[in-house]
2 protein chains.
Amino acid sequence: MSQKTTQKSAVRAENERTILKAAEAVFADHGFRGATTGMIAERAGIPKANLHYYFPTKEALYRRVVEHIFNIWLDAANSFDESDDPVEALTAYISKKMDISREHPMGSKVWANEILHRAPVIQDYLETTLRDWTASRASVIERWIAQGRIAPIDPNALLYMIWATTQHYADFNHQIDTLNGGRPLSEEQFAEAKKTVIQIVLAGIGAAPVALARDASAQAAGETEAAE
Amino acid sequence: MSQKTTQKSAVRAENERTILKAAEAVFADHGFRGATTGMIAERAGIPKANLHYYFPTKEALYRRVVEHIFNIWLDAANSFDESDDPVEALTAYISKKMDISREHPMGSKVWANEILHRAPVIQDYLETTLRDWTASRASVIERWIAQGRIAPIDPNALLYMIWATTQHYADFNHQIDTLNGGRPLSEEQFAEAKKTVIQIVLAGIGAAPVALARDASAQAAGETEAAE
DNA sequence: AATGATCTTGACCGTTTGGTCAAGTGTTCA
DNA sequence: TGAACACTTGACCAAACGGTCAAGATCATT
(Lines give C-alpha, C1' and ligand atoms only; values in the text may rest on other atoms or scores of the structure.)
Protein backbone atom coordinates (compact mmCIF):
# COMPACT_ATOMS: atom_id res chain seq x y z
CA MET A 1 0.00 0.00 0.00
CA SER A 2 0.96 3.58 -0.68
CA GLN A 3 3.62 2.60 -3.22
CA LYS A 4 3.49 3.81 -6.79
CA THR A 5 6.85 3.89 -8.38
CA THR A 6 8.27 2.88 -5.01
CA GLN A 7 7.16 -0.74 -5.25
CA LYS A 8 8.77 -1.25 -8.63
CA SER A 9 11.94 0.36 -7.39
CA ALA A 10 11.85 -1.79 -4.27
CA VAL A 11 12.01 -4.99 -6.31
CA ARG A 12 14.75 -3.53 -8.42
CA ALA A 13 16.72 -2.28 -5.42
CA GLU A 14 16.43 -5.60 -3.65
CA ASN A 15 17.53 -7.58 -6.69
CA GLU A 16 20.38 -5.23 -7.48
CA ARG A 17 21.62 -5.57 -3.92
CA THR A 18 21.53 -9.36 -4.11
CA ILE A 19 23.33 -9.39 -7.43
CA LEU A 20 25.98 -6.88 -6.32
CA LYS A 21 26.70 -8.91 -3.22
CA ALA A 22 27.11 -12.09 -5.26
CA ALA A 23 29.19 -10.24 -7.82
CA GLU A 24 31.57 -8.88 -5.20
CA ALA A 25 32.25 -12.38 -3.92
CA VAL A 26 32.72 -13.91 -7.35
CA PHE A 27 34.87 -11.07 -8.69
CA ALA A 28 37.01 -11.30 -5.54
CA ASP A 29 37.49 -15.03 -5.94
CA HIS A 30 38.13 -15.14 -9.66
CA GLY A 31 39.02 -11.67 -10.90
CA PHE A 32 37.18 -9.87 -13.68
CA ARG A 33 37.99 -12.27 -16.48
CA GLY A 34 37.79 -15.33 -14.27
CA ALA A 35 34.32 -14.46 -13.07
CA THR A 36 31.43 -15.45 -15.31
CA THR A 37 27.99 -13.95 -15.35
CA GLY A 38 26.70 -17.48 -14.97
CA MET A 39 28.57 -17.96 -11.70
CA ILE A 40 27.33 -14.65 -10.35
CA ALA A 41 23.75 -15.42 -11.33
CA GLU A 42 23.93 -18.86 -9.73
CA ARG A 43 25.31 -17.37 -6.52
CA ALA A 44 22.55 -14.79 -6.52
CA GLY A 45 20.00 -17.54 -7.10
CA ILE A 46 18.61 -16.18 -10.36
CA PRO A 47 18.85 -17.13 -14.03
CA LYS A 48 21.62 -15.53 -16.01
CA ALA A 49 19.15 -13.75 -18.27
CA ASN A 50 17.61 -12.09 -15.25
CA LEU A 51 20.98 -10.78 -14.18
CA HIS A 52 21.40 -9.19 -17.58
CA TYR A 53 18.04 -7.55 -17.19
CA TYR A 54 19.38 -5.56 -14.23
CA PHE A 55 22.96 -5.14 -15.40
CA PRO A 56 23.24 -5.06 -19.18
CA THR A 57 26.92 -5.99 -19.32
CA LYS A 58 29.50 -7.66 -17.13
CA GLU A 59 31.53 -4.43 -17.20
CA ALA A 60 28.63 -2.37 -15.90
CA LEU A 61 28.16 -4.77 -13.00
CA TYR A 62 31.87 -4.78 -12.23
CA ARG A 63 32.03 -1.01 -12.26
CA ARG A 64 29.22 -0.79 -9.73
CA VAL A 65 31.06 -3.23 -7.48
CA VAL A 66 34.31 -1.28 -7.65
CA GLU A 67 32.54 2.01 -7.03
CA HIS A 68 31.02 0.52 -3.92
CA ILE A 69 34.45 -0.51 -2.63
CA PHE A 70 35.86 2.91 -3.37
CA ASN A 71 33.12 4.57 -1.33
CA ILE A 72 33.98 2.40 1.65
CA TRP A 73 37.60 3.38 1.20
CA LEU A 74 36.64 7.05 1.14
CA ASP A 75 34.72 6.59 4.36
CA ALA A 76 37.83 5.26 6.08
CA ALA A 77 39.87 8.06 4.59
CA ASN A 78 37.87 10.59 6.55
CA SER A 79 38.98 9.09 9.83
CA PHE A 80 42.47 10.33 9.00
CA ASP A 81 41.24 13.81 9.85
CA GLU A 82 39.68 13.02 13.19
CA SER A 83 42.44 14.92 14.89
CA ASP A 84 45.43 17.05 14.10
CA ASP A 85 47.48 14.99 16.50
CA PRO A 86 49.56 12.39 14.62
CA VAL A 87 49.02 9.69 17.22
CA GLU A 88 45.26 10.14 17.29
CA ALA A 89 44.86 10.62 13.55
CA LEU A 90 47.01 7.66 12.51
CA THR A 91 45.59 5.39 15.20
CA ALA A 92 42.07 6.13 14.01
CA TYR A 93 42.98 5.72 10.37
CA ILE A 94 44.91 2.47 10.73
CA SER A 95 42.28 1.07 13.04
CA LYS A 96 39.54 1.88 10.57
CA LYS A 97 41.45 0.39 7.66
CA MET A 98 42.12 -2.79 9.60
CA ASP A 99 38.44 -3.06 10.43
CA ILE A 100 37.53 -2.71 6.79
CA SER A 101 39.95 -5.49 5.87
CA ARG A 102 38.29 -7.65 8.48
CA GLU A 103 34.73 -6.83 7.49
CA HIS A 104 35.03 -6.35 3.74
CA PRO A 105 37.84 -8.63 2.61
CA MET A 106 36.16 -9.35 -0.69
CA GLY A 107 35.84 -5.70 -1.58
CA SER A 108 39.49 -5.17 -0.84
CA LYS A 109 40.38 -8.09 -3.07
CA VAL A 110 38.40 -6.70 -5.96
CA TRP A 111 40.24 -3.41 -5.54
CA ALA A 112 43.60 -5.17 -5.37
CA ASN A 113 42.81 -7.12 -8.51
CA GLU A 114 41.88 -3.94 -10.29
CA ILE A 115 45.12 -2.16 -9.40
CA LEU A 116 47.17 -5.27 -10.13
CA HIS A 117 45.79 -5.23 -13.66
CA ARG A 118 46.57 -1.54 -14.11
CA ALA A 119 43.17 -0.21 -13.12
CA PRO A 120 41.43 -0.59 -16.49
CA VAL A 121 38.11 0.42 -14.98
CA ILE A 122 38.87 2.94 -12.24
CA GLN A 123 41.91 4.78 -13.54
CA ASP A 124 39.93 8.03 -13.40
CA TYR A 125 39.37 7.63 -9.64
CA LEU A 126 43.09 7.16 -9.10
CA GLU A 127 43.87 10.31 -11.03
CA THR A 128 41.30 12.50 -9.32
CA THR A 129 39.89 11.59 -5.92
CA LEU A 130 42.73 9.37 -4.74
CA ARG A 131 45.46 11.67 -6.01
CA ASP A 132 43.90 14.70 -4.32
CA TRP A 133 43.36 12.88 -1.05
CA THR A 134 46.90 11.54 -1.00
CA ALA A 135 48.53 14.86 -1.79
CA SER A 136 46.57 16.65 0.91
CA ARG A 137 47.36 14.04 3.57
CA ALA A 138 51.01 13.98 2.55
CA SER A 139 51.14 17.70 3.27
CA VAL A 140 49.59 17.12 6.69
CA ILE A 141 52.35 14.63 7.38
CA GLU A 142 54.95 17.10 6.13
CA ARG A 143 53.60 19.63 8.59
CA TRP A 144 53.90 17.18 11.47
CA ILE A 145 57.50 16.62 10.45
CA ALA A 146 58.19 20.34 10.25
CA GLN A 147 56.67 20.78 13.68
CA GLY A 148 58.96 18.06 15.02
CA ARG A 149 56.02 15.92 16.09
CA ILE A 150 57.15 12.94 14.03
CA ALA A 151 60.46 11.88 12.52
CA PRO A 152 61.36 13.08 9.04
CA ILE A 153 60.18 10.33 6.72
CA ASP A 154 58.88 10.11 3.17
CA PRO A 155 55.15 10.85 3.60
CA ASN A 156 54.08 8.80 0.62
CA ALA A 157 56.12 5.83 1.79
CA LEU A 158 54.35 6.05 5.13
CA LEU A 159 50.93 6.10 3.50
CA TYR A 160 51.84 3.18 1.23
CA MET A 161 53.07 1.24 4.23
CA ILE A 162 49.75 1.77 5.99
CA TRP A 163 47.72 0.85 2.91
CA ALA A 164 49.83 -2.18 2.13
CA THR A 165 49.82 -3.56 5.64
CA THR A 166 46.17 -3.02 6.44
CA GLN A 167 44.96 -4.31 3.10
CA HIS A 168 47.28 -7.29 3.36
CA TYR A 169 44.98 -8.71 6.03
CA ALA A 170 42.21 -8.82 3.46
CA ASP A 171 43.99 -9.46 0.18
CA PHE A 172 46.35 -12.12 1.51
CA ASN A 173 44.04 -13.55 4.15
CA HIS A 174 44.31 -16.95 2.55
CA GLN A 175 48.06 -16.95 3.15
CA ILE A 176 47.61 -15.66 6.69
CA ASP A 177 45.01 -18.30 7.42
CA THR A 178 47.26 -21.03 6.05
CA LEU A 179 50.15 -19.85 8.22
CA ASN A 180 47.74 -19.83 11.15
CA GLY A 181 47.18 -23.57 10.83
CA GLY A 182 44.44 -23.24 8.23
CA ARG A 183 42.16 -21.29 10.52
CA PRO A 184 41.14 -17.64 10.19
CA LEU A 185 42.62 -15.30 12.77
CA SER A 186 40.56 -15.23 15.94
CA GLU A 187 39.26 -11.92 17.23
CA GLU A 188 42.08 -11.87 19.77
CA GLN A 189 44.73 -12.60 17.15
CA PHE A 190 43.35 -9.94 14.88
CA ALA A 191 43.24 -7.42 17.71
CA GLU A 192 46.85 -8.25 18.53
CA ALA A 193 47.85 -7.77 14.90
CA LYS A 194 46.07 -4.46 14.77
CA LYS A 195 47.81 -3.34 17.95
CA THR A 196 51.18 -4.35 16.54
CA VAL A 197 50.63 -2.49 13.28
CA ILE A 198 49.63 0.68 15.08
CA GLN A 199 52.51 0.37 17.51
CA ILE A 200 55.14 -0.19 14.84
CA VAL A 201 53.92 2.68 12.71
CA LEU A 202 53.66 5.14 15.58
CA ALA A 203 56.97 4.16 17.13
CA GLY A 204 58.50 3.94 13.67
CA ILE A 205 57.86 7.60 13.00
CA GLY A 206 58.76 8.64 16.52
CA ALA A 207 55.21 9.57 17.45
CA ALA A 208 55.01 7.13 20.35
CA PRO A 209 57.57 5.75 22.77
CA VAL A 210 59.00 2.27 22.30
CA ALA A 211 58.98 -0.20 25.17
CA LEU A 212 61.64 -2.88 25.19
CA ALA A 213 60.94 -6.07 27.09
CA ARG A 214 63.67 -5.24 29.59
CA ASP A 215 62.16 -1.80 30.00
CA ALA A 216 59.91 -2.48 32.95
CA SER A 217 59.11 1.21 33.17
CA ALA A 218 56.89 2.11 30.22
CA GLN A 219 54.33 -0.66 29.90
CA ALA A 220 53.93 -3.63 32.22
CA ALA A 221 53.28 -6.49 29.83
CA GLY A 222 54.16 -9.58 31.82
CA GLU A 223 56.56 -11.16 29.32
CA THR A 224 59.41 -9.26 30.91
CA GLU A 225 60.74 -12.21 32.84
CA ALA A 226 61.43 -14.14 29.67
CA ALA A 227 64.68 -12.21 29.16
CA GLU A 228 67.64 -14.28 30.19
CA MET B 1 80.06 -28.96 -32.75
CA SER B 2 80.42 -31.27 -29.78
CA GLN B 3 76.68 -31.33 -29.13
CA LYS B 4 74.72 -34.56 -29.20
CA THR B 5 71.75 -34.48 -26.93
CA THR B 6 72.96 -31.06 -25.85
CA GLN B 7 71.85 -29.37 -29.05
CA LYS B 8 68.32 -30.65 -28.81
CA SER B 9 68.14 -29.65 -25.17
CA ALA B 10 69.59 -26.28 -26.03
CA VAL B 11 66.73 -25.52 -28.41
CA ARG B 12 64.23 -26.71 -25.86
CA ALA B 13 65.84 -24.74 -23.02
CA GLU B 14 65.99 -21.58 -25.09
CA ASN B 15 62.37 -21.84 -26.18
CA GLU B 16 61.13 -22.68 -22.73
CA ARG B 17 62.92 -19.63 -21.37
CA THR B 18 61.37 -17.38 -23.99
CA ILE B 19 57.92 -18.78 -23.36
CA LEU B 20 58.22 -18.55 -19.58
CA LYS B 21 59.32 -14.95 -19.79
CA ALA B 22 56.36 -14.07 -21.99
CA ALA B 23 54.04 -16.07 -19.77
CA GLU B 24 55.16 -14.24 -16.64
CA ALA B 25 54.37 -10.89 -18.22
CA VAL B 26 50.99 -11.96 -19.56
CA PHE B 27 49.92 -13.74 -16.38
CA ALA B 28 50.95 -10.68 -14.36
CA ASP B 29 48.96 -8.35 -16.57
CA HIS B 30 45.82 -10.43 -16.93
CA GLY B 31 45.76 -13.10 -14.23
CA PHE B 32 45.41 -16.79 -14.92
CA ARG B 33 41.98 -16.75 -16.48
CA GLY B 34 42.54 -13.43 -18.20
CA ALA B 35 45.70 -14.61 -19.91
CA THR B 36 45.26 -16.64 -23.08
CA THR B 37 47.75 -19.05 -24.57
CA GLY B 38 47.35 -17.09 -27.77
CA MET B 39 48.54 -13.89 -26.09
CA ILE B 40 51.51 -15.64 -24.54
CA ALA B 41 52.47 -17.25 -27.82
CA GLU B 42 52.22 -13.97 -29.66
CA ARG B 43 54.38 -12.26 -27.05
CA ALA B 44 56.92 -15.06 -27.33
CA GLY B 45 56.86 -14.72 -31.12
CA ILE B 46 55.76 -18.27 -31.85
CA PRO B 47 52.54 -19.94 -33.03
CA LYS B 48 50.18 -21.12 -30.35
CA ALA B 49 50.56 -24.75 -31.39
CA ASN B 50 54.29 -24.49 -30.80
CA LEU B 51 53.72 -23.24 -27.29
CA HIS B 52 51.60 -26.28 -26.58
CA TYR B 53 54.38 -28.47 -27.87
CA TYR B 54 56.58 -27.28 -24.98
CA PHE B 55 53.90 -26.80 -22.35
CA PRO B 56 50.98 -29.20 -22.82
CA THR B 57 48.49 -27.17 -20.81
CA LYS B 58 48.02 -23.61 -19.63
CA GLU B 59 48.10 -24.88 -16.04
CA ALA B 60 51.48 -26.56 -16.51
CA LEU B 61 52.92 -23.33 -17.88
CA TYR B 62 51.41 -21.30 -15.07
CA ARG B 63 52.78 -23.67 -12.46
CA ARG B 64 56.27 -23.31 -13.85
CA VAL B 65 55.98 -19.53 -13.71
CA VAL B 66 54.80 -19.57 -10.10
CA GLU B 67 57.54 -21.99 -9.08
CA HIS B 68 60.07 -19.61 -10.55
CA ILE B 69 58.71 -16.72 -8.49
CA PHE B 70 58.74 -18.81 -5.37
CA ASN B 71 62.41 -19.64 -5.86
CA ILE B 72 63.25 -15.95 -6.10
CA TRP B 73 61.28 -15.42 -2.91
CA LEU B 74 63.24 -18.19 -1.18
CA ASP B 75 66.47 -16.55 -2.27
CA ALA B 76 65.47 -13.34 -0.53
CA ALA B 77 64.35 -15.28 2.50
CA ASN B 78 67.90 -16.44 3.07
CA SER B 79 69.08 -12.89 3.54
CA PHE B 80 67.06 -12.83 6.73
CA ASP B 81 69.72 -15.02 8.30
CA GLU B 82 72.70 -12.93 7.30
CA SER B 83 73.18 -11.95 10.90
CA ASP B 84 71.76 -12.66 14.30
CA ASP B 85 71.55 -8.95 14.94
CA PRO B 86 67.98 -7.69 14.38
CA VAL B 87 69.12 -4.46 12.74
CA GLU B 88 71.43 -6.19 10.31
CA ALA B 89 69.11 -9.10 9.57
CA LEU B 90 65.99 -7.02 9.00
CA THR B 91 67.83 -4.37 7.02
CA ALA B 92 69.23 -7.02 4.69
CA TYR B 93 65.89 -8.76 4.36
CA ILE B 94 63.80 -5.68 3.72
CA SER B 95 66.40 -4.31 1.35
CA LYS B 96 66.45 -7.52 -0.63
CA LYS B 97 62.67 -7.73 -0.78
CA MET B 98 62.45 -4.14 -1.99
CA ASP B 99 65.01 -4.89 -4.69
CA ILE B 100 62.99 -7.87 -5.85
CA SER B 101 59.87 -5.73 -6.09
CA ARG B 102 61.85 -3.28 -8.20
CA GLU B 103 63.44 -5.88 -10.43
CA HIS B 104 60.74 -8.55 -10.67
CA PRO B 105 57.46 -6.70 -10.36
CA MET B 106 55.70 -9.09 -12.69
CA GLY B 107 56.68 -12.14 -10.71
CA SER B 108 55.38 -10.53 -7.55
CA LYS B 109 52.10 -9.75 -9.28
CA VAL B 110 51.64 -13.33 -10.37
CA TRP B 111 52.22 -14.43 -6.80
CA ALA B 112 49.77 -11.84 -5.47
CA ASN B 113 47.17 -12.95 -7.95
CA GLU B 114 47.63 -16.53 -6.91
CA ILE B 115 47.18 -15.79 -3.20
CA LEU B 116 44.30 -13.44 -3.90
CA HIS B 117 42.48 -16.31 -5.56
CA ARG B 118 43.14 -18.69 -2.67
CA ALA B 119 46.29 -20.27 -4.08
CA PRO B 120 44.64 -22.92 -6.26
CA VAL B 121 47.99 -23.91 -7.72
CA ILE B 122 50.56 -23.43 -4.97
CA GLN B 123 48.67 -24.27 -1.80
CA ASP B 124 51.16 -27.06 -1.07
CA TYR B 125 54.05 -24.56 -1.01
CA LEU B 126 52.20 -22.42 1.49
CA GLU B 127 51.62 -25.38 3.77
CA THR B 128 55.17 -26.70 3.65
CA THR B 129 58.07 -24.44 2.70
CA LEU B 130 56.46 -21.13 3.55
CA ARG B 131 54.94 -22.35 6.79
CA ASP B 132 58.24 -23.79 7.98
CA TRP B 133 60.22 -20.71 7.05
CA THR B 134 57.75 -18.39 8.75
CA ALA B 135 57.59 -20.40 11.95
CA SER B 136 61.36 -20.57 12.23
CA ARG B 137 61.81 -16.84 11.64
CA ALA B 138 59.02 -16.02 14.06
CA SER B 139 60.94 -17.89 16.73
CA VAL B 140 64.07 -15.89 15.90
CA ILE B 141 62.03 -12.74 16.43
CA GLU B 142 60.65 -14.14 19.68
CA ARG B 143 64.20 -14.68 20.85
CA TRP B 144 65.14 -11.09 20.04
CA ILE B 145 62.17 -9.98 22.09
CA ALA B 146 63.11 -12.23 25.00
CA GLN B 147 66.63 -10.85 24.87
CA GLY B 148 65.27 -7.33 25.04
CA ARG B 149 66.83 -6.42 21.72
CA ILE B 150 63.54 -5.39 20.18
CA ALA B 151 60.18 -4.39 21.57
CA PRO B 152 57.60 -7.08 22.31
CA ILE B 153 55.48 -7.28 19.18
CA ASP B 154 53.52 -9.99 17.38
CA PRO B 155 56.22 -11.66 15.22
CA ASN B 156 53.81 -12.73 12.49
CA ALA B 157 52.36 -9.24 12.30
CA LEU B 158 55.87 -7.89 11.82
CA LEU B 159 56.61 -10.34 9.01
CA TYR B 160 53.29 -9.60 7.31
CA MET B 161 54.03 -5.90 7.54
CA ILE B 162 57.36 -6.41 5.82
CA TRP B 163 55.90 -8.63 3.13
CA ALA B 164 52.95 -6.36 2.52
CA THR B 165 54.96 -3.19 2.31
CA THR B 166 57.80 -4.45 0.15
CA GLN B 167 55.51 -6.30 -2.24
CA HIS B 168 53.23 -3.28 -2.45
CA TYR B 169 55.89 -1.54 -4.52
CA ALA B 170 55.53 -4.28 -7.12
CA ASP B 171 51.88 -5.29 -6.92
CA PHE B 172 50.48 -1.78 -6.66
CA ASN B 173 53.11 -0.04 -8.74
CA HIS B 174 50.45 1.21 -11.09
CA GLN B 175 48.79 3.09 -8.25
CA ILE B 176 52.13 4.38 -7.01
CA ASP B 177 53.06 5.54 -10.49
CA THR B 178 49.71 7.28 -10.91
CA LEU B 179 50.16 9.11 -7.60
CA ASN B 180 53.64 10.05 -8.75
CA GLY B 181 52.23 12.02 -11.67
CA GLY B 182 52.01 9.00 -13.96
CA ARG B 183 55.73 8.36 -13.90
CA PRO B 184 57.50 5.40 -12.31
CA LEU B 185 59.49 6.19 -9.19
CA SER B 186 62.99 7.39 -10.00
CA GLU B 187 65.95 5.59 -8.53
CA GLU B 188 66.24 8.33 -5.94
CA GLN B 189 62.57 8.14 -5.00
CA PHE B 190 62.75 4.40 -4.71
CA ALA B 191 65.88 4.58 -2.57
CA GLU B 192 64.13 7.10 -0.33
CA ALA B 193 61.12 4.81 0.00
CA LYS B 194 63.33 1.88 0.84
CA LYS B 195 65.14 3.94 3.47
CA THR B 196 61.84 5.01 4.98
CA VAL B 197 60.49 1.47 5.15
CA ILE B 198 63.62 0.19 6.86
CA GLN B 199 63.66 3.13 9.24
CA ILE B 200 60.03 2.80 10.26
CA VAL B 201 60.29 -0.94 10.83
CA LEU B 202 63.51 -0.74 12.82
CA ALA B 203 62.41 2.22 14.90
CA GLY B 204 58.95 0.70 15.18
CA ILE B 205 60.27 -2.35 16.97
CA GLY B 206 62.75 -0.38 19.02
CA ALA B 207 65.77 -1.77 17.22
CA ALA B 208 67.03 1.62 16.09
CA PRO B 209 66.81 5.10 17.56
CA VAL B 210 64.29 7.58 16.21
CA ALA B 211 65.40 11.03 15.18
CA LEU B 212 62.86 13.83 15.34
CA ALA B 213 63.40 16.86 13.19
CA ARG B 214 63.94 19.03 16.25
CA ASP B 215 66.38 16.46 17.58
CA ALA B 216 69.61 17.88 16.24
CA SER B 217 71.54 15.32 18.23
CA ALA B 218 71.06 11.93 16.59
CA GLN B 219 71.39 12.52 12.86
CA ALA B 220 72.15 15.79 11.15
CA ALA B 221 69.81 15.82 8.20
CA GLY B 222 69.51 19.45 7.18
CA GLU B 223 65.72 19.76 7.38
CA THR B 224 66.04 20.67 11.02
CA GLU B 225 65.51 24.38 10.49
CA ALA B 226 62.02 23.79 9.14
CA ALA B 227 60.64 23.40 12.65
CA GLU B 228 58.92 26.56 13.80
C1' DA C 1 -11.72 -6.91 -15.94
C1' DA C 2 -8.57 -4.73 -18.81
C1' DT C 3 -4.30 -2.29 -19.61
C1' DG C 4 0.37 -1.33 -19.48
C1' DA C 5 4.57 -1.69 -17.17
C1' DT C 6 7.97 -4.35 -14.81
C1' DC C 7 10.02 -8.53 -14.09
C1' DT C 8 11.30 -13.61 -15.21
C1' DT C 9 13.25 -17.23 -17.94
C1' DG C 10 14.54 -21.14 -21.28
C1' DA C 11 16.40 -21.28 -25.57
C1' DC C 12 19.49 -19.56 -28.53
C1' DC C 13 23.75 -17.30 -31.03
C1' DG C 14 28.33 -15.57 -32.40
C1' DT C 15 32.84 -15.38 -30.55
C1' DT C 16 36.71 -16.80 -28.01
C1' DT C 17 39.35 -20.21 -25.84
C1' DG C 18 42.37 -24.27 -24.63
C1' DG C 19 43.89 -27.86 -26.86
C1' DT C 20 44.54 -31.35 -30.97
C1' DC C 21 46.19 -33.08 -35.22
C1' DA C 22 48.43 -34.21 -39.27
C1' DA C 23 51.47 -32.66 -42.47
C1' DG C 24 55.45 -30.65 -42.69
C1' DT C 25 60.83 -28.94 -41.85
C1' DG C 26 65.20 -29.50 -39.95
C1' DT C 27 68.88 -32.14 -37.79
C1' DT C 28 71.54 -36.09 -36.19
C1' DC C 29 73.88 -40.25 -36.84
C1' DA C 30 74.75 -44.79 -38.78
C1' DT D 1 71.56 -41.84 -48.29
C1' DG D 2 68.03 -42.62 -45.26
C1' DA D 3 65.86 -43.61 -41.04
C1' DA D 4 64.89 -41.77 -36.50
C1' DC D 5 64.04 -37.90 -33.91
C1' DA D 6 62.96 -33.11 -32.41
C1' DC D 7 60.70 -29.20 -33.73
C1' DT D 8 57.18 -26.12 -36.37
C1' DT D 9 52.69 -24.71 -37.88
C1' DG D 10 48.02 -23.80 -40.21
C1' DA D 11 43.73 -25.67 -39.75
C1' DC D 12 40.51 -27.40 -36.92
C1' DC D 13 37.23 -28.68 -32.84
C1' DA D 14 34.33 -28.92 -28.69
C1' DA D 15 33.28 -26.24 -24.74
C1' DA D 16 32.38 -22.10 -22.42
C1' DC D 17 31.32 -17.48 -22.52
C1' DG D 18 28.73 -12.81 -22.77
C1' DG D 19 24.82 -11.34 -24.36
C1' DT D 20 19.99 -11.50 -26.92
C1' DC D 21 15.26 -12.52 -27.56
C1' DA D 22 10.61 -13.54 -27.42
C1' DA D 23 7.16 -15.44 -24.73
C1' DG D 24 5.20 -15.45 -20.49
C1' DA D 25 4.32 -14.18 -15.35
C1' DT D 26 3.29 -10.63 -11.93
C1' DC D 27 1.39 -6.53 -10.33
C1' DA D 28 -0.23 -1.55 -9.76
C1' DT D 29 -3.68 1.38 -11.71
C1' DT D 30 -7.98 2.44 -13.96
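Everything numeric here is computed off the predicted structure, so don't read it as measured data. We name chains A, B, ... by the order of the sequence lines, and we start the count at 1 in each one.
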May I have the distance from [X] (atom [atom1]) to [N] (atom [atom2]), rounded to whole angstrom?
| X | N | atom1 | atom2 | answer |
| --- | --- | --- | --- | --- |
| B:E42 | D:dT9 | CD | P | 14 Å |
| B:L51 | C:dT20 | CG | C1' | 14 Å |
| A:I19 | C:dC7 | CD1 | C1' | 11 Å |

Can you check whether [X] has a side-chain N or O nearer than 4.0 Å to OP1 or OP2 of [N]?
| X | N | answer |
| --- | --- | --- |
| B:N15 | D:dA6 | no |
| B:R12 | D:dA6 | no |
| B:Y53 | D:dC7 | yes |
| B:N50 | D:dG10 | no |

Compare all side-chain heavy atoms of B:D177 with those of B:R183 and state whether any distance is below 4.5 angstrom.
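No, their side chains stay 4.5 Å or more apart.
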Does B:R131 count as lying over the ring of B:Y125, i.e. NZ or CZ under 6.0 Å from the six-ring centre, within 45 degrees of the axis?
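Judged by the rule (NZ or CZ under 6.0 Å from the ring centre, within 45° of its axis), B:R131 is not positioned above B:Y125.
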Cationic tip of A:R12 above A:Y54 ring, under 6.0 Å, 45° of axis:
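Negative - A:R12 is either too far from the ring of A:Y54 or too far off its axis.
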Where is the tightest heavy-atom contact between B:A77 and B:W133, given as atom of each residue plus distance?
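So the two residues come closest at CB-NE1, 3.3 Å.
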Distance alone, cut at 3.5 Å: any donor-acceptor contact between the side chains of A:N78 and A:K96?
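Looking only at side-chain atoms, A:K96 and A:N78 do not form any donor-acceptor pair under 3.5 Å.
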In B/S/- notation, 5' to 3', how is nucleotides 11-25 of chain D contacted by protein heavy atoms closer than 4.0 Å?
------SBBBB----
Side chain to side chain contact (heavy atoms under 4.5 Å, CB included) against A:R118, all qualifying residues, sequence neighbours excluded:
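A:R118 satisfies side chain to side chain contact (heavy atoms under 4.5 Å, CB included) with B:D29, B:H174 only.
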